[in-house]
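Read the structure below first, then the notes.
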Amino acid sequence: MNGGQRRPVRGLPLRAVAPNAVTALALCSGLTGIRFAISADWQLAVTMIMIAGVLDGLDGRIARMVRGESRFGAELDSLSDAISFGVSPGLILYLWSLNTLPQLGWLCALVFAVFCALRLARFNAAIDTSDQPHKSAGFLTGIPAPAGAGLAMLPLYLWFWTGEAVFRSAWIVAPWIAFVAVLMVSSIATFSWSSFRLRSSIRFEAIAAVVLVGAALVSAPWHTLTLVSAVYLASMPISVRSYARIKRQRAVGQPGVVQAP
């Protein structure tokens, strides 16, 4: 072998271990939610999905912080998301409610899990595509998998703090979970929170709001998650109108509007 040639480096760099470990923990958390659902510990089951969502939000940031992005990490993240936010919520909702309508309920649970996987596959297929109008304008296409899982479990939140049996009815849960599944694979523009830029004059207020939401999640988690879900749903028509306005501005080439790549 020529002494001037270097062997190709194989395997993952050490800096990629930390974000991938967090992704694996998110996967474990999502799967553990199924375990608690089997034992009918519904609050812990939902909590595991919420923890998976938090870990899913951290792994990408850790990867960028330590410059540990890798193709392996991207694939592992998609696999984790498909299970933690597609399969696990679908099974939890089936065991909690949808099993009273075995055929229709299982169909809706399957649709939710499969549509979540389809959304992630579409995202992976377009990750290297330069022509992404929604992304270039600071929007997402459809609702992301973690948000879809959170919205799908809205009947559970309501049941936890109201105790009303109507929220456990499969005739309500089945169409709801199907509706959320359609939102995940839809082409509607939704806000991408990571693209928001706060003015320096309101940063203190933003920090105070985050602390308030955190305190509310600790003291009244199910009420807070219900409110957050309602606010997110209400933001969708606003995001659609906002993107439509930006699209019109781009069409006429209005100055000051960033053109899509």
Side-chain angles (χ1 to χ4, degrees), residues 23-56 77-122 142-186 217 220-230 232-233 236:
T23 303
L25 286 174
L27 175 57
C28 292
S29 182
L31 289 171
T32 304
I34 300 176
R35 181 260 183 189
F36 284 121
I38 292 172
S39 60
D41 199 337
W42 307 115
Q43 293 196 11
L44 275 178
V46 174
T47 300
M48 288 297 104
I49 304 300
M50 297 297 110
I51 292 175
V54 172
L55 294 173
D56 180 70
D77 185 68
S78 291
L79 176 62
S80 174
D81 287 357
I83 295 176
S84 298
F85 308 124
V87 175
S88 292
L91 286 176
I92 290 171
L93 287 167
Y94 180 79
L95 293 171
W96 175 66
S97 167
L98 297 175
N99 58 4
T100 58
L101 294 173
Q103 293 180 339
L104 177 62
W106 183 242
L107 175 63
C108 290
L110 280 178
V111 165
F112 183 82
V114 172
F115 278 24
C116 180
L118 289 175
R119 175 191 166 73
L120 293 165
R122 180 179 65 181
I143 63 176
L151 282 179
M153 294 187 295
L154 178 58
L156 269 163
Y157 312 151
L158 291 165
W159 180 68
F160 287 153
W161 65 271
T162 65
E164 295 292 336
V166 64
F167 295 117
R168 197 172 182 175
S169 170
W171 293 108
I172 291 178
V173 178
W176 174 251
I177 192 176
F179 170 69
V180 176
V182 171
L183 287 179
M184 283 197 290
V185 296
S186 70
L217 281 170
W222 312 123
H223 299 73
T224 305
L225 287 171
T226 300
L227 179 61
V228 169
S229 299
Y232 186 66
L233 284 170
M236 290 182 193

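In this chain, residues are counted from 1 in sequence order.
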Going from [atom1] on [X] to [atom2] on [Y], what distance comes out if it is rounded to the nearest 0.5 angstrom?
X	Y	atom1	atom2	value
Leu31	Ile83	CG	CD1	5.5 Å
Thr226	Trp161	OG1	CH2	6.0 Å
Ile51	Thr32	CD1	OG1	9.0 Å
Met153	Trp42	CE	CH2	12.5 Å
Leu98	Ser169	CG	OG	9.5 Å
Leu118	Met184	CG	CE	9.5 Å

Got [X] and [Y] here, is their nearest side-chain heavy-atom distance under 4.5 Å?
X	Y	result
Phe36	Ile92	no
Trp171	Leu101	yes
Phe85	Asp56	yes
Ile49	Ser88	yes
Met50	Leu225	yes
Met236	Leu183	yes

Least distance between heavy atoms, [X] atom then [Y] atom:
X	Y	result
Pro175	Ala170	CD-O, 4.0 Å
Gly90	Ala109	O-CB, 3.7 Å
Ala52	Gly30	CB-N, 4.1 Å
Cys116	Ala82	SG-CA, 4.4 Å
Phe112	Pro89	CE2-CB, 3.9 Å
Val180	Gly148	CG1-O, 3.3 Å

Would a distance-only check, ignoring hydrogens and angles, find a side-chain to backbone donor-acceptor pair under 3.5 Å from [X] to [Y]?
X	Y	value
Ser29	Leu25	no
Tyr94	Leu110	no
Ser229	Leu151	no
Arg122	Val185	yes
Ser97	Leu93	no
Arg119	Ile143	yes

ask   = Parallel, tilted or perpendicular: which describes the rings of Phe160 and Trp222, with under 30° parallel and over 60° perpendicular?
value = tilted
